Amino acid sequence: MRSFEKSLPEFDARHLRIVAISVDPPEITREHCRKQRYSYTFLSDPKAEVIRKYDLAHEGAGQDGGAVARPAEFLIDSSGTVRWVNLTESLTARARAAQVLKALDALDVPARRGSSALGSGEAASERVPPPS
Amino acid sequence: MSSACAGPIEMKRRWNIPIWLGLLVVLGGAVTYFPLVDRFPAQGNLPWATLLIFGVGLLLIAGGLVYAFLEPRTYRGRIAGSFAMVLGLAVVGMFLFGTFYFVRQLPPSSGAPRIGQKAPDFTLPDKEGRQVSLSELLSAGNPDHPNGVVLIFYRGYW
């Protein structure tokens, strides 16, 4: 996770948002981010609903036998399509930022900013506040 | 151990350095594993550097044991060496269990979104409690919409 923070300028330059998801409630995540000085987006999925939707639940591995997310990384383009995925076989071998950037450059994923025709019909949709 | 002959020869027995050195090397291998994986992520898949260190350590202990048992009058360490060997093997055994079995007990996730598939949409609170949805994030209506999103699922710290 630290490698993504370190490589944030490179992701910014490609207009890619980093979004991390776990079962941690927001207050735990806030504390964690403050301690680790992480500035990218962290989302909380305490009931592991999204984690199950992505079939990434490691049932029984969490607190009180609950589910946690197994480590996984996805690169999703502006149309919402998965362009690259990494499902590690080992907890100690998860993808680092350099790997994702390398995969990204090989894919040439991002459409030029603003030129994406996909989603242009949703211009009226609710706006998400920009990251602080 | 007072029954052992405590003659001058006994007193002059040399310290069996390879045994202690070997044990240190094995423990050092265990301690350096995490920094090593952090620096070289490929070591997480196959920690050959750590395994190599373990091998050297165990060989040193084994060498020391050979001295201790073949030349007990010259070298100490028959008992300590045996303990060191058991301890070293236990450390290596736990390491192998941990890295090759325990951390690999992950669900197959065969239903996870694949390349070319649509990523399932979701709406979740961020650390400030604001609701963030994938589709809105990627929507052209979002003035700050990115060219893509890197989704990182992690176990969490509860």
Side-chain angles (χ1 to χ4, degrees), chain A residues 1 14-24 26 28-30 32-33 41-45 50-51 53-56 58 63 68-78 80-83 85 87 89-93 96 100 109-111 113 116 119-120 122-128 130, chain B residues 33-34 37-38 41-45 47 98-100 102-158:
Chain A
M1 316 274 303
R14 293 163 171 87
H15 294 290
L16 285 168
R17 274 284 285 276
I18 309 285
V19 176
I21 298 177
S22 79
V23 294
D24 283 349
I28 301 273
T29 307
R30 210 182 312 139
H32 178 63
C33 290
T41 305
F42 279 74
L43 302 181
S44 294
D45 184 18
V50 173
I51 291 164
K53 216 184 215 180
Y54 276 71
D55 194 20
L56 300 171
H58 192 173
Q63 207 174 27
V68 296
R70 54 109 85 215
E73 297 83 16
F74 297 85
L75 178 62
I76 295 162
D77 70 13
S78 56
T81 306
V82 176
R83 299 299 301 267
V85 54
L87 293 169
E89 286 173 11
S90 159
L91 288 177
T92 56
R96 308 291 159 124
V100 180
V109 166
R113 188 167 166 77
S116 165
S120 58
E122 302 165 31
S125 68
E126 200 183 329
R127 299 192 163 197
V128 174
Chain B
Y33 171 67
F34 284 106
V37 169
D38 205 44
Q43 289 289 316
N45 275 326
T99 53
F100 287 97
F102 188 72
V103 301
R104 291 174 194 229
Q105 296 306 296
L106 289 172
S109 297
S110 46
R114 292 163 195 228
I115 291 170
Q117 288 181 344
K118 275 267 194 240
D121 193 24
F122 56 80
T123 304
L124 289 173
D126 70 5
K127 59 179 186 285
E128 316 300 339
R130 287 177 304 212
Q131 297 292 321
V132 175
S133 96
L134 180 65
S135 55
E136 282 174 20
L137 204 60
L138 292 171
S139 146
N142 168 14
D144 194 53
H145 80 97
N147 286 330
V149 168
V150 179
L151 270 189
I152 304 171
F153 287 87
Y154 68 105
R155 295 174 76 79
Y157 302 87
W158 322 318

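Below, chains carry the letters A, B, ... as their sequence lines are ordered, and counting in each starts from 1. Since the structure is predicted, the reported quantities are computational estimates derived from the model, not experimental observations.
The two atoms that bring B/Asn147 and A/Arg14 nearest to each other are ND2-O, 3.4 Å, heavy atoms only. Contact detail for A/Tyr54 and B/Pro120: the closest heavy-atom pair is OH-O, 2.6 Å. Considering all non-hydrogen atoms of both residues, B/Lys127 and A/Arg30 come closest at O-NE, 3.0 Å. Pairing each heavy atom of A/Val82 with each of B/Pro113, the nearest pair is CG2-CB, 3.8 Å. Taking both residues in full, the closest heavy atoms of A/Ile21 and B/Leu151 are given as CD1-CD2, 3.9 Å, listed atom of the first, atom of the second, then distance. Nearest heavy-atom pair across A/Ser90 and B/Leu106 is N-CD1, 4.0 Å.
Contacts of A/Leu87 with chain B are made by side-chain atoms alone, with heavy-atom separations under 4.5 Å and no backbone atom involved. Of the two parts of B/Pro108, only the backbone, made up of N, CA, C and O, holds a non-hydrogen atom closer than 4.5 Å to a non-hydrogen atom of chain A. For A/Val85, the parts lying under 4.5 angstrom from a heavy atom of chain B are both the backbone and the side chain. Looking at B/Gln105, only its backbone comes within 4.5 Å of chain A, counting heavy atoms on both sides.
Not counting sequence neighbours, A/His32 has no partner by the side chain to side chain donor-acceptor pair (under 3.5 Å) test. Scanning for salt bridge (charged side-chain N to carboxylate O under 4.0 Å, His left out) contacts around A/Arg96 gives B/Asp38, with sequence neighbours left out.
Atoms CG and CD1, on A/Leu43 and B/Ile152 in that order, are 11.0 Å from each other to the nearest 0.5 Å. Going from atom NE2 of B/His145 over to atom CZ of A/Arg17 covers 12.0 Å, rounded to the nearest 0.5 Å. Once rounded to the nearest 0.5 Å, the distance linking CG of B/Leu124 with CG of A/Asp45 reads 5.0 Å. Within the model, atoms NZ of A/Lys53 and CG of B/Asp121 stand 6.5 Å from one another, a figure rounded to the nearest 0.5 Å.
The greatest number of non-hydrogen atom pairs below 4.5 Å with chain A, out of B/Leu134, B/Val37, B/Val149, is found for B/Val149. The most heavy-atom pairs under 4.5 Å with chain B, out of A/Leu56, A/Thr29, A/Val23, come from A/Leu56.
Counting only distance, with no hydrogens or angles, the side chain of B/Arg155 and the backbone of A/Val68 share no donor-acceptor pair below 3.5 Å. Side-chain atoms of B/Tyr157 never come within 3.5 Å of backbone atoms of A/Asp24 as a donor-acceptor pair (strictly under, hydrogens ignored).
More than 12 heavy atoms of other residues, nucleotides or ligands lie within 6.0 Å of CZ in B/Arg104, so this atom counts as buried by the packing criterion. The number of heavy-atom neighbours closer than 6.0 Å to CZ of B/Phe34, taken from other residues, nucleotides and ligands shown, is 12 or below.
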- In sequence, state the C-alpha distance, the side-chain angles, and the governing distance for A/Val19 and B/Leu137, and then conclude on side chain to side chain contact (heavy atoms under 4.5 Å, CB included). CA-CA 10 Å; A/Val19 176; B/Leu137 204 60; 4.0 Å; yes
Worksheet item: When you look at A/Asp55 and B/Ser110, which way does the side chain to side chain contact (heavy atoms under 4.5 Å, CB included) test go after all the steps?
Response: CA-CA 7 Å; A/Asp55 194 20; B/Ser110 46; 4.3 Å; yes
